[in-house]
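Remarks on the structure that follows.
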Protein chains: 4
Amino acid sequence: MILEGALTVFSAQGFRGATIDQVAEAAGLSKPNVLYYFASKEDIYRSLLTGLLDMWLDPMRMIDPNGEPLAEIQRYVAAKLQMSRDYPRESRLFANEVLQGAPLLNEILGGQLRDMVDDKAGIFNGWIEAGRLAKVDPRHLIFSIWALTQHYADFETQVRAILGEEHDPYAEAQQFLSTLYDRLLAPDRG
Amino acid sequence: MILEGALTVFSAQGFRGATIDQVAEAAGLSKPNVLYYFASKEDIYRSLLTGLLDMWLDPMRMIDPNGEPLAEIQRYVAAKLQMSRDYPRESRLFANEVLQGAPLLNEILGGQLRDMVDDKAGIFNGWIEAGRLAKVDPRHLIFSIWALTQHYADFETQVRAILGEEHDPYAEAQQFLSTLYDRLLAPDRG
Amino acid sequence: MILEGALTVFSAQGFRGATIDQVAEAAGLSKPNVLYYFASKEDIYRSLLTGLLDMWLDPMRMIDPNGEPLAEIQRYVAAKLQMSRDYPRESRLFANEVLQGAPLLNEILGGQLRDMVDDKAGIFNGWIEAGRLAKVDPRHLIFSIWALTQHYADFETQVRAILGEEHDPYAEAQQFLSTLYDRLLAPDRG
Amino acid sequence: MILEGALTVFSAQGFRGATIDQVAEAAGLSKPNVLYYFASKEDIYRSLLTGLLDMWLDPMRMIDPNGEPLAEIQRYVAAKLQMSRDYPRESRLFANEVLQGAPLLNEILGGQLRDMVDDKAGIFNGWIEAGRLAKVDPRHLIFSIWALTQHYADFETQVRAILGEEHDPYAEAQQFLSTLYDRLLAPDRG
DNA sequence: TATGAATGAGCCTTCATTCAT
DNA sequence: TATGAATGAAGGCTCATTCAT
């Protein structure tokens, strides 16, 4: 499918760096034939981004306000990390887009995404006030989850260069992040 | 200066997205004159990357094996965050490069950088064994510092879209990260 | 019908400017289906031109050697002007073709059309010699009729821009041309 | 010069039919070099049209309200015919543009040109009221001059095909048109 | 050093035409 | 007949690079 090939190409080269020829090649089609299905290069890119957005934000949606706070957040962290492992191209696609100022996603970032973050931040604040979660800034907590999980996809080259072949970065990261959020978020006992 | 303009352009557009014309314009020179000083577009880009690398890694070099562990690490975190605030273009430049597989920096990542990380990981392990630092994977600890601090520069568009105009992301981040690493790294008392 | 749509498109855009897609759209067919009936774009264009040629030259054929000279010519002028009014697309189609050097019609121009003009010129000369028509070059007389009548179709945009909405160009033109050819062609009395 | 080559190409092929390659070839330059001087194909075409417009309308400007009516008009006719002979490419360029609905010149036709025609029509009407010119519609008189003179440039292919090699179309046309306008415009004596 | 001019290579896109059904 | 799908060949335009001065 075209979007499959486009994902590979755009995530690896960025929008400007990618060529329709590469997308066509990756999809096993001729260049004009790709443009038979999509009006333009930008149309492919846009379809890709918006088409993947929902899936990308799915883990956050699944945070359950009625769940156990630490478990919910750890589950979210684990799900995000798993997404980085399973869908690193998607992660890099979004990273590329945001890195360059999010020319296409800007409205969504300040709209749909912001709303969703506000919603979750509200939940976290509720938990904090109830003493079920340590006091931290909920939005920066979310940023930290994004940063720490997506890092393994977006900076994979660097991670692998430093760790070498023997390591399983994601398994180690899961361990590390589990510890990190336990210690950060466990409410003070006493 | 040419590299100054090139930094702005390459960090905002990526290598393929940037044009020599834009670099020349940003530097106040004509295009052929830029190419009088640099042999090619790639030469500019390479000079930029390697020229900034030392500065970029400076904060890590300053971790003092003989210092107080938590203070050293918090100082490192604060320095990295400050660099994201003061040099976001540099952060994005490196992010772009690594995101696309680090075609130019690959050797350095697996060489100089890996060595430096190994060195610091050794220090951290020493501290851990001495009971002066909580037990965490030292390399992933370093990754976490990179991810959490550079996120504010690399994903600035997203951070601002979510926080809105009123917030000072870096001040809040400093607070958050300070808490995070305190809780994560304080050795078990008792 | 395909040629009906093709006439609209080719007369408005010229051969190179028209696309088979536009022709197909105008005809309510799919592009491959248009090419099922016509071998190629040029084939459509050629069929259109040659198919309309006879109709286009009909008024000239109807000049009656046995008629009253002035009346015959005035009738021809009126018929040509009426054709410009009723069939402006045809007029523009031929104008486009001739303007670009008549790549397809060249042989017809120097053959069939030239013969017909020669024939009518002979008739006019007979009338002139008989003192029934003022002495003018009969071929340039024919050119003048073509130029003056087709102008209102071919340069319609300009005519309308200059006259504005209120005018009826063709009615005025009929009046003007009637006067013109009366004065030009009435044999000297006396 | 580029516009020289562009004139040849655009007048012979129309805007859509012409290619930048042809313009470049006609100008003795490479294709990108043409685009070094003009921003786009349309920019070349526009420059050509607007740059030639003043020259094209010059003969009409020279009609002298204080001159002898018939002589002024005959001079205008002769000048226009001479322009068709000397600048047939310009004539065809404008014909192509107007034929296709004057997408670029439309404003000028309804503005500057219309004003000029209105002005001259006023002069003609003055002459008519003074009994120095036969009564004819002054605007259609102007259309007739355009049609009859430009015909020899725009339909040159047809004119030559019909007249054959031996004739000098323009010399004959001058004779014919001189007679035509004398008879049309001479005020009734008596 | 500095730059106006020039160009080969490449990229996005269009389009006539063909293929498969 | 009819059409969705496919493509080779072009054409407009960009851009890194080179040339000439």
Side-chain angles (χ1 to χ4, degrees), chain A residues 1-2 6 9 13 15-25 27-45, chain B residues 2 6 9-10 13 15-25 27-45, chain C residues 2 6 9-10 13 15-25 27-45, chain D residues 1-2 6 9 13 15-25 27-45:
Chain A
M1 200 238 207
I2 292 175
V9 173
Q13 323 262 159
F15 177 72
R16 287 289 306 269
T19 72
I20 296 188
D21 257 328
Q22 292 170 331
V23 173
E25 163 104 32
L29 295 175
S30 70
K31 178 164 55 167
N33 205 22
V34 168
L35 290 167
Y36 175 77
Y37 291 97
F38 292 90
S40 67
K41 181 182 174 181
E42 188 176 321
D43 186 31
I44 306 173
Y45 182 67
Chain B
I2 292 176
V9 173
F10 281 122
Q13 324 259 155
F15 177 71
R16 288 288 305 271
T19 71
I20 298 187
D21 260 324
Q22 293 170 328
V23 173
E25 161 108 35
L29 293 175
S30 69
K31 183 164 55 167
N33 206 22
V34 167
L35 289 167
Y36 173 80
Y37 291 99
F38 293 89
S40 67
K41 180 181 174 183
E42 191 177 317
D43 187 31
I44 307 174
Y45 182 67
Chain C
I2 293 176
V9 173
F10 280 123
Q13 323 259 154
F15 177 72
R16 290 288 306 270
T19 73
I20 297 189
D21 261 325
Q22 293 170 327
V23 172
E25 161 109 34
L29 293 176
S30 71
K31 184 164 54 167
N33 207 20
V34 167
L35 288 168
Y36 172 79
Y37 291 100
F38 293 90
S40 68
K41 180 183 176 182
E42 191 178 316
D43 187 32
I44 308 174
Y45 182 66
Chain D
M1 201 240 207
I2 292 175
V9 173
Q13 323 260 161
F15 178 72
R16 287 288 307 271
T19 73
I20 298 188
D21 258 328
Q22 293 170 329
V23 173
E25 163 102 35
L29 296 174
S30 69
K31 180 163 57 170
N33 204 22
V34 167
L35 291 166
Y36 174 76
Y37 292 97
F38 292 89
S40 67
K41 181 182 172 181
E42 188 175 322
D43 187 31
I44 307 174
Y45 182 67

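Below, chain A is the first sequence line, B the second, and so on; all start at residue 1. Not measured: the values here are computed from a predicted model.
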Gap between atom [atom2] of [Y] and atom [atom1] of [X] - 0.5 Å precision:
X	Y	atom1	atom2	result
B:Leu29	B:Tyr37	CG	OH	7.0 Å
A:Lys31	A:Ile20	NZ	CD1	7.5 Å
D:Arg16	C:Thr19	CZ	OG1	7.5 Å
A:Phe15	A:Ile44	CZ	CD1	8.5 Å

- Task: Quick one: label A:Ala18 by what it contacts on the DNA or RNA (base, sugar-phosphate, nothing), any heavy atom closer than 4.0 Å.
- Result: sugar-phosphate
Rounded distance in Å - [atom1] ([X]) to [atom2] ([N]):
X	N	atom1	atom2	result
C:Gln22	E:dT14	CD	C1'	12 Å
C:Glu25	E:dC15	CD	C1'	16 Å
C:Phe38	F:dT1	CZ	P	13 Å
B:Tyr37	E:dA2	OH	C1'	8 Å
B:Gln13	F:dC15	CD	P	10 Å

- Less than 4.5 Å apart, any side-chain heavy atom of C:Phe10 and any of C:Gln22? no
- Message: Please compare B:Asp21 and D:Phe15 by the position of their nearest nucleotide in DNA chain F and report the one closer to 5'.
- Response: D:Phe15
- Is there a donor-acceptor contact under 3.5 Å from the side chain of B:Lys41 to the main chain of B:Ala18? yes
- Item | Watson-Crick or G-U pairs under 3.5 Å in DNA chain E, rendered as dot-bracket with [ ] for crossing pairs and | for another strand | .||||||||||||||||||||
Give me the distances for all protein-to-nucleotides 7-10 of chain F N/O pairs that come in under 3.5 Å?
| unit_1 | atom_1 | unit_2 | atom_2 | d |
| --- | --- | --- | --- | --- |
| F:dT7 | OP2 | A:Ser30 | N | 3.1 |
| F:dT7 | OP2 | A:Ser30 | OG | 2.7 |
| F:dT7 | O5' | A:Ser30 | OG | 3.4 |

- Among E:dT18, E:dT14, F:dC13, which nucleotide sits nearest the side chain of A:Leu35? E:dT14
- Query: Quick one: which of F:dA16, E:dT1, E:dC12 gets closest to the side chain of B:Ile20?
  - Reply: F:dA16
- Message: Which heavy atom of B:Ile2 sits nearest to which heavy atom of B:Ala27, and what is that distance?
- Response: CA-CB, 3.9 Å
- Message: Would you measure the distance from the C1' atom in E:dT1 across to the matching atom in F:dA20 and give it in whole Å?
- Response: 15 Å
